[in-house]
There are 2 protein chains.
Amino acid sequence: MRIGELAQASGTPIETIRFYEREGLLPAAPRTEGNYRIYTPQHAERLGFIRQCRNLDMTLDEVRVLLRFKDQPLAACGEVNSLLDEHIGHVAERIRELRGLEKELRSLRAACLTPHVAADCGILNGIDQAGAHGAAQRKRRHVRGAH
Amino acid sequence: MRIGELAQASGTPIETIRFYEREGLLPAAPRTEGNYRIYTPQHAERLGFIRQCRNLDMTLDEVRVLLRFKDQPLAACGEVNSLLDEHIGHVAERIRELRGLEKELRSLRAACLTPHVAADCGILNGIDQAGAHGAAQRKRRHVRGAH
DNA sequence: GAAAACCCTGAAGTGAGTATAGAGTCAAGG
DNA sequence: CCTTGACTCTATACTCACTTCAGGGTTTTC
């Protein structure tokens, strides 16, 4: 099949498929005479695996590790287990952070129940003190935030 | 004070301060004869506000909106309220998504309790079906994920 | 007067794509 | 045979919120 069909079948934008090839996640597809990529069901399966990993919010580096194991079926899979454990840890931590954040945002929101002049806005004035009561500094994190 | 002192006092890397100036979040600081930026306590306060907003996981565009209100103290602050409401919504949604994700990851992890050969690994084989039971496709989101 | 500590600018890199420009290929219709 | 439209190709730039780097200049301290 050609790239458009693979894109359709896998729910992946065409550009993303080409991007995965450039990144070495998908092998370089063979070409037709007219220089069109042609894919086999094996390519589709591998792409499906990558997309599932991305749905599970793994980085492409994590996916690369898992693909390495897929490609070496005789290797021991202990590293797979610990990769997943670590990833679960990151997700759990990010949930905790976001819960704290939500609490803080809601209490900030409660400071301005009806609109008035900006100078007196409980939100704008509240932000200056926000987190003063012990909220942690933002740190580099592994799981994406709100944006 | 000079930029290093402001960085120290605010817990912000020097390059980030210069970046905020380039982005127009901080006004261009006056310079010494030797072309060093000099800052007043007002600059420090504004930087503190920006950093608090970032701690609350707002985008710089959201911060720009809030700063606009800080700079126009007589404007009505209704937009501030709705910006915050929307932001709270994004955070809450991201928490829901990550909870579902964590559940899925944990059930995947349970498929391989002891390491064996990669070809038989319940995790690697499970990923192919992961989300087949109705998990939503990843969508463009506002709040960062796990990475 | 020299070394260390500080500061400057401009450009490029990060992750994981997305978007665009400009060109080539292919099948169907006239 | 020619054109139209759908499809594909490459290369490049853009996103966001910084971070890092190269290659200098300035100020302070010994």
Side-chain angles (χ1 to χ4, degrees), chain A residues 1-26 28-39 43 47 50-65 67 87 90 94 137-147, chain B residues 1-26 28-39 47 50-65 67 87 90 137-147:
Chain A
M1 56 177 131
R2 297 195 308 197
I3 198 168
E5 200 183 336
L6 178 60
Q8 200 74 31
S10 66
T12 310
I14 289 175
E15 305 82 24
T16 301
I17 297 175
R18 289 196 281 246
F19 168 74
Y20 286 159
E21 180 179 317
R22 270 202 310 284
E23 290 295 299
L25 292 161
L26 287 174
R31 306 293 183 113
T32 67
E33 275 191 14
N35 201 29
Y36 286 10
R37 289 171 181 84
I38 37 176
Y39 294 99
H43 286 99
L47 176 58
I50 297 169
R51 290 261 102 188
Q52 277 303 343
C53 290
R54 294 290 300 127
N55 274 342
L56 296 173
D57 232 335
M58 296 177 191
T59 62
L60 293 189
D61 273 346
E62 287 171 326
V63 178
R64 262 180 268 268
V65 172
L67 284 173
H87 186 53
H90 292 314
R94 186 67 181 129
Q137 203 84 343
R138 253 167 61 95
K139 26 177 203 257
R140 222 166 306 271
R141 59 172 72 89
H142 178 52
V143 180
R144 284 193 302 284
H147 302 280
Chain B
M1 55 179 133
R2 298 195 308 198
I3 199 169
E5 200 183 337
L6 178 60
Q8 200 74 30
S10 65
T12 310
I14 289 176
E15 305 81 21
T16 301
I17 297 175
R18 289 195 282 244
F19 168 75
Y20 287 159
E21 180 179 315
R22 272 202 308 287
E23 290 296 297
L25 293 161
L26 288 174
R31 306 291 184 112
T32 66
E33 276 190 12
N35 201 31
Y36 284 11
R37 290 172 180 82
I38 36 176
Y39 294 98
L47 176 58
I50 296 169
R51 290 261 105 188
Q52 277 304 343
C53 290
R54 295 290 301 128
N55 274 342
L56 295 173
D57 233 334
M58 296 178 190
T59 62
L60 293 188
D61 273 345
E62 288 171 325
V63 178
R64 265 181 264 269
V65 172
L67 284 173
H87 186 55
H90 293 314
Q137 204 86 342
R138 254 167 60 95
K139 27 179 204 256
R140 224 166 305 272
R141 59 173 72 92
H142 178 52
V143 180
R144 282 193 302 285
H147 302 280

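First the proteins, then the strands, lettered A, B, ... as listed; each starts at 1.
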Starting at [atom1] of [X] and ending at [atom2] of [N], how long is that distance when rounded to a whole Å?
X	N	atom1	atom2	answer
Ile38(B)	dC6(C)	CD1	C1'	16 Å
Arg31(A)	dC26(C)	CZ	P	13 Å
Ile14(A)	dT10(D)	CD1	C1'	14 Å
Met1(A)	dC7(D)	CE	P	16 Å
Glu5(A)	dC26(C)	CD	P	16 Å
Arg64(B)	dA17(D)	CZ	C1'	10 Å
Ile50(B)	dC18(D)	CD1	C1'	14 Å

- [ ] Search all heavy atoms of Leu60(A) against all heavy atoms of Arg54(A) and return the closest pair with its distance.
- [x] CD2-CD, 3.5 Å
- [ ] Over all heavy atoms of both residues, which pair between Ala7(B) and Pro13(B) is shortest? Give the atoms and the distance, please.
- [x] CB-C, 4.4 Å
Open item on the list: By nearest heavy atom, map Asp61(A) and Arg37(B) onto DNA chain C; which one lands nearer the 5' end?
Closed with: Arg37(B)
- [ ] Check side chain to side chain donor-acceptor pair (under 3.5 Å) between Arg22(A) and all other residues, then give those that pass, not counting sequence neighbours.
- [x] none
TODO: Report the residues that fulfil side chain to side chain donor-acceptor pair (under 3.5 Å) with Tyr39(A), sequence neighbours left out, ordered by chain and then residue number.
DONE: none
Open item on the list: Checking Arg37(A) now: which residues fulfil salt bridge (Lys or Arg N to Asp or Glu O under 4.0 Å) with it, not counting sequence neighbours?
Closed with: Glu21(A)
TODO: Tell me, please, which residues at least two apart from Glu23(B) pass salt bridge (Lys or Arg N to Asp or Glu O under 4.0 Å).
DONE: Arg64(B)
TODO: Note down the inter-axis angle between the two ends of the helix from dG1(C)-dC30(D) to dG30(C)-dC1(D), five pairs each, to the nearest 10°.
DONE: 30°
Task: Counterpart residues, side chain to side chain contact (heavy atoms under 4.5 Å, CB included), relative to Tyr36(A) (two or more places apart) - done: Arg2(A), Thr32(A)
Task: Main-chain N/O of Leu56(A) paired with His87(A) side-chain donor or acceptor, under 3.5 Å - done: yes
Task: Residues within residues 15-25 of chain B bordering DNA chain C, heavy-atom distance below 4.0 Å - done: Arg18(B)
Quick test: give all pairs of protein nitrogen or oxygen and nucleotides 27-30 of chain D nitrogen or oxygen below 3.5 Å, distance rounded to 0.1 Å.
residue: dT27(D); atom: OP1; partner: Gly34(B); partner atom: N; Å: 3.4

- [ ] Tell me, please, which residues at least two apart from Phe19(A) pass ring pair (Phe, Tyr, Trp, His ring centres under 6.0 Å).
- [x] none
